[in-house]
Amino acid sequence: QVHMVESGGELVQAGGSLRLSCAASGRTTSRYVMAWFRQAPGKERESVAAISWTGVSTYYPESVKGRFTISRDNTKNTVYLQMNSLKPEDTAVYFCAARRGTIVPTDEYDYWGQGTQVTVSS
């Protein structure tokens, strides 16, 4: 079992930056694909970034490409999401997730955190 805890969410002005962290405990996640998802009120959960266990491969949807960067530190069992040039439409609860295998843009992940709120004011 993997327990994941996100942190770093807060209120920020449009154009600002935030870095989210997700610390995993229990089973090591060093060989897992790690990802960040978000869910805004009334909307479906969507993937915003994913990273292979080596860190070599990443995935970003067009909506965040060039603004968000995912990274990981396998020695700390932690994955990060650096978010720059934030927009009000980035407001959502952000979740981290882990899965074995390859990166997928869908929510087919085995383990999930509880989420951290990011609010971007205009």
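Given the structure is predicted, the values throughout are model-derived calculations rather than measurements.
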**Prompt:** Rounded to the nearest 0.5 Å, how far does CD of Q82 lie from CG of L18?
**Reply:** 8.0 Å
**Asked** Is the shortest heavy-atom distance from the side chain of T69 to the side chain of Y80 under 4.5 Å?
**Response** no
**Asked** Does any pair with a residue in residues 8-18 pass side chain to side chain donor-acceptor pair (under 3.5 Å), and if so which ones, sequence neighbours excluded?
**Response** S17-N84
**Asked** Which pairs count as disulfide (SG to SG under 2.5 Å) when at least one residue sits in residues 34-81, sequence neighbours excluded?
**Response** none
**Item:** All pairs passing disulfide (SG to SG under 2.5 Å) where residues 43-77 contributes a residue, at least two apart
**Value:** none
**Item:** Counterpart residues, side-chain hydrogen bond (donor to acceptor under 3.5 Å, both in side chains), relative to S71 (two or more places apart)
**Value:** none
**Fill in**
Sequence neighbours excluded, the answer for ring pair (Phe, Tyr, Trp, His ring centres under 6.0 Å) partners of W112 is F37
**Item:** Partners meeting salt bridge (charged side-chain N to carboxylate O under 4.0 Å, His left out) with D110 (sequence neighbours left out)
**Value:** none
**Item:** 4.5 Å side-chain heavy-atom contact, L20 and E6
**Value:** no
**Asked** Checking Y60 side chain against R67 main chain: does a donor-acceptor pair fall under 3.5 Å?
**Response** no
**Prompt:** Is the backbone N or O of V120 less than 3.5 Å from a side-chain atom of T91, with the two atoms forming a donor-acceptor pair by type?
**Reply:** yes
**Request:** Identify the two heavy atoms, one from W36 and one from S21, that lie closest to each other, and give their separation to 0.1 Å.
**Result:** CH2-O, 3.6 Å
**Fill in**
Looking only at heavy atoms, the pair that brings V2 and A24 closest together is CG1-CB, 4.1 Å
**Message:** Listing request: all salt bridge (Lys or Arg N to Asp or Glu O under 4.0 Å) pairs with a residue in residues 55-66, at least two apart in sequence or in separate chains.
**Reply:** E62-K65
**Request:** Quick one: pull up CZ in R72 and CG in L81 and give me the separation to the nearest 0.5 Å.
**Result:** 13.5 Å
**Request:** Check which hydrophobic residues are tied to W53 through side-chain heavy-atom contacts below 4.5 Å, counting indirect links as well, and list them.
**Result:** none
**Asked** Shortest non-hydrogen contact from V12 to L86?
**Response** CG1-CD1, 3.6 Å
**Asked** Looking at residues at least two apart in the chain, or sitting in another chain, which of them share a side-chain hydrogen bond (donor to acceptor under 3.5 Å, both in side chains) with S52?
**Response** T54
**Prompt:** Does Y109 use its side chain to pair, donor to acceptor, with the backbone of V33 at less than 3.5 Å?
**Reply:** no
**Request:** Applying side-chain hydrogen bond (donor to acceptor under 3.5 Å, both in side chains), name anything that partners S122, two or more places apart in sequence or on another chain.
**Result:** none
Let me have the donor-acceptor pairs involving side chains of residues 93-100, under 3.5 Å, with sequence neighbours excluded, atom names and distances please.
residue : atom : partner : partner atom : Å
Y94     : OH   : R38     : NH1          : 3.0
Y94     : OH   : D90     : O            : 2.6
R99     : NE   : E108    : O            : 2.7
R99     : NH1  : T102    : O            : 2.4
R100    : NH2  : Y32     : OH           : 3.1

**Request:** Name all residues meeting the side-chain contact (heavy atoms from CB on, under 4.5 Å) criterion together with P105; count only those two or more places apart in sequence or in a different chain, and write none if there are none.
**Result:** Y59
**Message:** Rounded to the nearest 0.5 Å, what separates atom CE in M83 from atom CZ in R19?
**Reply:** 11.5 Å
**Prompt:** Does CD in Q114 sit with more than 12 non-hydrogen atoms of other residues, nucleotides or ligands closer than 6.0 Å?
**Reply:** no
